[in-house]
Structure formats: structure tokens, C-alpha cells
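Below: the structure, in C-alpha cells.
Per chain, numbering begins at 1; letters A, B, ... match sequence-line order. All of these numbers come straight from a predicted model, not from anything done at the bench.
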Amino acid sequence: MYAYLSRRIAATIPVLLGVSLLVFAMLHLVPGDPVKMMLSEFGTNPEQIALLRAQLHLDEPLPKQFLRFVVNAVQGDLGISIRSKRPVIQEIGDNYLSTLQLAFAGLFIAGFLGTTLGIIAAVRQNSFIDAGSMVFALVGVSMPSFWLGLLLIFTFSLRFRLFPATGGGDLKHLVLPAITLGLGAAAIIARLVRSSMLEVLRQEYVTTARAKGLMEFWVIVRHALRNALIPVVTVFGLQFGSLLAGAVIIETVFGRPGIGRLLVDGILNKDFPVVQGVVLVVAISYVAVNLLVDLVYVVLDPRIRYVRG
Amino acid sequence: MTIVATNDDAMLARNVRTKSRWHDFRRRLFRNKAATGGLVVVVLFFVLSALAPWLAPYDPIMIDSLSALRPPGGAYLFGSDQYGRDVLSRVLYGGQISLIIGFISVAIASLFGVTVGLIAGYYGGWADSVLMRVIDIMLAFPGILLSLAIVSMLGPNLRNLMIAVGISAIPTYARLTRGSVLSAREHLYVEAARTVGVPDHLIAIRHILPNVIAPIIVAATLGVGTAIIVAAALSFLGLGSQPPQPEWGRMLSEGRPYLRDQWWISTFPGLAIMVVVLAINLFGDGLRDALDPRLKT
């Protein structure tokens, strides 16, 4: 087991290095001069260009620049925002918690709704409830989140005035964005839980549990569900990443502060250090969550320790 | 002469087999009402947007402040927006943009992804290790993030949008193809082809690819729906199509300030995205069930 764990942890190092290389390369893959592009809205002044060039160390050889980028990033230095002139890491720090809150709330809704619907659909296979849940799942994956967000704002903010349409801060501001973010993931999880549950319900140990006279509820919760949820755990990790990235759209729809909006504003303002910083932080968070999920997986399913370890 | 006859026999047998397999597939697909309905809707969207220049009652980008914000009905079936542009005409023309983006970005993604997967899966060894590490790195950028990063480098316009959405979907096809190739290359027909001296690249393209293509077609079909949503999302954020292009995602964001009283500006493009993606998903699901009935749950 420890061999598997250490191998799994070691495997993330080249990925993290590759991610940093890609994020570093972003600036250099810009068609034309990145400095001129970044300063295009300020009116180009040769002194400013020279200053920014020096600040970004663009005159150094590329390997040296990359090394500096990695060393600085490890120390939490992601450069200075061209717009706000503040350190990028501070900008991200100010906004990260809000996005994390949104992503977790979305994941909670997705997990709760998706699992519940999936179980009911599987237990009552081919019933109306089953068909209804699967229609929900299909609509859920086909619905663009930005449109769902607007519909929720229209219904619950403008018509019924139950929740605020925009802004961030308290729990009331979190409800609509979290539902918008979670619903798509709920649809994916519901489909997966259903098929996983259908699989497990055919297993012999479920028949055994029924044969020894257990109430159907306990058969499902204790025997079937626990095993059916194992493959779902992996999807939770993947979905968390999608939710983190999806927050980019949701935060714009709801005018909510967060690193997603920071990123969009960064792109629109051509503020490259901010864009690079946010992309790097989101990718690292995602790699970390997937690592965590894999570790949880080992605890949940002892078979893996032997198969892979 | 005997050899020719044998070849003919083999060809005939193969024709019959492909025919009946194709027949089976078609029968399964068209018996599935949801899938057929999905296909009909997708075709309908295609036809309507292709005929937009003839069907649209107005010029989609013509500004006419005198007829701004008209509710649906009368001369403006879907209403008009804040610049007096006809929403119906814009939705029709927008279909062209969304469908083209969907198909081209999937073409980019599947072309590169399948090539990478084929090379990695067939040759194995260091080619496999290197290519799959690159794919792993791409996968570390979740969801829409990779497209966003690419658009931020290339600049926001329709062409770059297709490139960005296409590149970010490469890993899906690469992994899928590699997985199927890994099991397909152990088959006897590959061994046979190798024994008679068929070069590696021809084995990969002529013998392995046709046998692993089914799940790739399913993924590509569903991928068109995803690409349409991602592209619309980027345009919604202002990072895709630029005004005054009638793009669905952009129309939604332009209708946002008018959500309370002029709901139609953003509702019709939103509905269009959802219906076309839903139809694509229904068809894709049906395609999967028809190609491989074992997968059906």
C-alpha cells in the first residue's frame, strides 16, 4: 500500500512541472510581442515597455526564465498584476476562499442530489421516477450553466425576490450560484450512481442480505450503496475540478467575487501575470484534489492496494 | 484463377457481413425513438441555419433603434433586442456559428486526439510514455480552463475559439483511442497483417482504426454538444465571438441587463443552445447503444 501511495505521489511531480512549463510558456506563445500586447491599452511608451520587459525578465535565456518562474512560484511569488500593481498571489488570496466556498457548495448539491436521484432511479428501475430522473440528468448535462443561472436569477431574484441576484458574502448570496454550478454535476453523478447501483443490486451479497430477512431500506443503504459509491468517488474528484473551472462562468453570471472573475477580468485586460497565476493555482488545486481522491479510494476499496500496490 | 475466386468469395462474405452488421445497427438506432427524435432535431437545426439567409425575416446585424425591445409577436416573432435587431433572425444565423464551431472543434480534437492515441497505443514504449504524459498535463487543466488559457494567448475571435475548444478536447480522444488500440493490437488479424509484411503505419490505419472507431464516433457526436456549450460559454464571457456577430452565447450576455422585462432577448438563444445540445446528446446516447448493445444499462 505504501509503495502504491508513494508512487502515486511521485507521479504528480512531473505533472506539476509540466503544468508550470505550460503556464510559463503561455506568455511566450502569444503571437507578437507579449509586452506590447499587455500595454496596448495604455498607449505604448518605450520606457514603459523596457521597464515591463525587465520586470518580467524577458531578456534572459528561456531556461533561466523558467527556472526563476518555478522557484518564485514555489515561494508564492507569482509576479505583479499589471493593472492593480499588487502581487498576484495577494489578488488570488483575496478571492480564493470565495471560489472554494462556491465549488464546495456546488459539490455538496451535486453529490446530494445526484446520489439521491441515482439511487431512487436504480431501485425503481423502469418506473416513472426512473424515467423522470434520467430526463433530469439529460437536461442537466445539456443545459448551459450561464443560461440556467439567468433563469434562476429571473425566477428567484427578479420575480419572487427570495435570493439576491448578484454579489457575494453571506449564505444567501451562495444559494443560487451553488445550485447553478451543482446541477450539471448532479446530472452526471445521478447517471453514474444509477448504473453503478444497478450493477451492485445484481450481486450475490445483496441477494444474501435480502434472504436473511433484512429490511429493503437497510439492504440498499448498508449493502448496496456502500459498494456502489466507490466508483463515484473518483468522479467526485473530476467533478470538483470542473466545478472549480465552472466557477469562472458562474461568478461572472452572478457578479460574485472569486478567482474565476479575476481570471476573466485578467484575460479581458490582458493582465498576463494574473492569468498565469490563476491558471496555475486552479490546475495545482485540481491535481491536489485528484491525489486526495485517489488516496481516499485506497481506503475505501482495499482491493486496489493489492492489485496496484 | 483459383486465387481470384477465393478473393471474390472472401469479398462477398465480407460484404454480406458488413451489410448485415450495418443493417442491425440501423435497425437498433431507428427503433430508439429518443435517438431518432434527436437526429431529426439536429438535422432541422442544420437546415434552418443553412437556410438562414432565405428564412430570416431581417438582417441579423442591422440596427434599427425605432423598433428596439419589441415583445415577441407580430413583425418580430421572437421580439427584438435593445438595438432593434430581430431576435429570430439572430437565432437562425447564430445556429450557423454554433454548429460550425461545434463540428470544426470536434474535427480538430478528434484528428489530433485519435492520431496521438493510435501512435501511443500501437507503438507503446517511449512514444506512449511521452505522449501520455503530455495528455496528463493537459488534463490537469480542468473543464473550461484550458480553453480559457488558449484564448487568452491567441486573442478572442471565432477562429481562435474553435482552436481553443478543439485543443482542450484532444485528451478525451487520445485516451479513448489508446485504450481501444491497446486491446485491438493483440488480435489475430493484426498478427496476420504483420506476418504478411504490412507496414506498421498501414496496420494501424487500415486494420486497427476501423475496429476501434465506434466508441470514437460516439464520443465525437457527444463532443459536438459539449463544444457548442463551451464555445457559447466563452462567447458569453466576451472571449469568443465579437459583436455584432449573432452568436448564441454572446446574445445571452447582451440580453442580461434586460432580463427582468425583456426576457425574450436571452431566452430564445438559451433555448436554442439547450435544445440542440439535448438533441445531440439523445442521438449520441442512441448511437452508443446501437453500436454496442452490451453497454446499455
Side-chain angles (χ1 to χ4, degrees), chain A residues 11 14-19 21-23 25-27 29-31 34 37 125 138-139 141-148 150-151 153-154 158-159 165 194-195 198-199 238 240-246 248-249 252-253 263-264 266-268 270 272 275-276 278-279 282-287 290, chain B residues 34 38 133-134 136-156 160 222 225-226 228-230 232-239 248-249 252-253 255-256 259-261 263 266-267 269-282 285 295-297:
Chain A
V15 171
L16 286 177
L17 269 178
V19 165
L21 182 63
L22 227 57
V23 172
M26 278 174 70
L27 188 65
L29 291 174
V30 169
M37 185 195 94
Q125 197 190 356
L138 202 64
V139 173
V141 287
S142 309
M143 186 102 168
S145 61
F146 44 94
W147 191 45
L148 177 64
L150 291 183
L151 286 181
I153 291 178
F154 179 74
L158 301 180
R159 282 285 137 105
R194 176 178 177 272
S195 63
L198 282 175
E199 184 86 15
L238 295 173
F240 182 77
S242 306
L243 293 181
L244 213 52
V248 174
I249 301 163
T252 308
V253 174
L263 176 61
V264 174
I267 298 175
L268 290 172
K270 296 174 181 143
F272 247 85
V275 176
Q276 286 178 302
V278 176
V279 171
V282 173
I284 290 175
S285 312
Y286 182 46
V287 171
N290 272 321
Chain B
R133 286 305 79 75
V134 174
D136 280 348
I137 291 164
M138 287 174 83
L139 283 171
F141 299 90
I144 198 173
L145 192 69
L146 192 57
S147 317
L148 276 170
I150 297 169
V151 162
S152 74
M153 286 187 298
L154 301 177
N160 295 342
L222 296 169
T226 316
I228 289 177
I229 288 191
V230 174
L234 287 168
S235 295
F236 177 86
L237 296 173
L239 303 172
W248 291 342
L252 264 170
S253 82
R256 256 174 73 188
L259 200 58
R260 186 197 300 265
D261 300 312
W263 52 268
S266 50
T267 300
L271 213 54
I273 301 174
M274 199 188 84
V275 171
V276 78
V277 174
L278 189 67
I280 291 172
N281 283 338
L282 281 173
D285 280 353
L295 289 177
K296 200 168 180 179
T297 42

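- Of the two parts of A/Val30, the backbone and the side chain both hold a non-hydrogen atom closer than 4.5 Å to a non-hydrogen atom of chain B.
- Ranked by heavy-atom pairs under 4.5 Å with chain A, the first of B/Asp136, B/Ile228, B/Leu252 is B/Leu252.
- You'll find the side chain of A/Val253 reaches within 4.5 Å of the side chain of B/Phe236, heavy atoms only.
- A heavy-atom distance below 4.5 Å is not found between the side chains of B/Trp263 and A/Leu158.
- Both the backbone and the side chain of B/Thr267 come within less than 4.5 Å of a heavy atom in chain A.
- Heavy-atom distances place the side chain of A/Phe272, and not its backbone, under 4.5 Å from chain B.
- Counting heavy-atom pairs closer than 4.5 Å to chain A, the top-ranked of the candidates B/Val230, B/Val275, B/Leu234, B/Ile273 is B/Ile273.
- Put simply, the side chain of A/Val287 does not reach to within 4.5 Å of the side chain of B/Phe141, judged on heavy atoms.
- Residue A/Leu244: no heavy atom, backbone or side chain, is found under 4.5 Å from chain B.
- Using a 4.5 Å heavy-atom cutoff, the side chains of B/Met274 and A/Val139 are in contact.
- Interatomic distance, CD1 of B/Ile280 versus OG of A/Ser142, reported as 9.0 Å (0.5 Å rounding).
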Begin with the C-alpha distance, continue with both residues' side-chain angles, and end with the deciding distance and a verdict on side-chain contact (heavy atoms from CB on, under 4.5 Å) for A/Trp147 and B/Leu271. CA-CA 9 Å; A/Trp147 191 45; B/Leu271 213 54; 3.3 Å; yes
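- Applying the side-chain contact (heavy atoms from CB on, under 4.5 Å) test to A/Asn290 and every residue at least two apart in sequence or in another chain returns A/Arg8, A/Leu238, A/Tyr286.
- The structure places CG of B/Leu237 at 6.0 Å from CD1 of A/Ile249, a figure rounded to the nearest 0.5 Å.
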Between A/Leu268 and B/Leu239, is a side-chain contact (heavy atoms from CB on, under 4.5 Å) present by the stated rule, with each step listed? CA-CA 8 Å; A/Leu268 290 172; B/Leu239 303 172; 3.5 Å; yes
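- Between A/Leu21 and B/Ile137, the closest side-chain pair of non-hydrogen atoms is not below 4.5 Å.
- Of the listed residues (B/Gly225, B/Pro156, B/Ala233), the greatest number of heavy-atom pairs within a distance under 4.5 Å of chain A belongs to B/Ala233.
- Interface check for chain B: of the options A/Ala11, A/Pro144, A/Ser242, the most heavy-atom pairs under 4.5 Å are formed by A/Pro144.
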Would you mind writing out the side-chain donor-acceptor pairs for residues 142-155 of chain B within the sub-3.5 Å range, not counting sequence neighbours?
unit_1   : atom_1 : unit_2   : atom_2 : d
B/Ser147 : OG     : B/Ser168 : OG     : 2.9
B/Ser152 : OG     : B/Ala149 : O      : 2.6

Step by step, work out the side-chain contact (heavy atoms from CB on, under 4.5 Å) result for A/Val15 and B/Leu139. CA-CA 9 Å; A/Val15 171; B/Leu139 283 171; over 6 Å; no
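- For the atom pair CG (A/Leu138) and CG (B/Leu282), the distance works out to 4.5 Å, reported to the nearest 0.5 Å.
- Between A/Phe154 and B/Arg260 the shortest side-chain heavy-atom distance does not fall below 4.5 Å.
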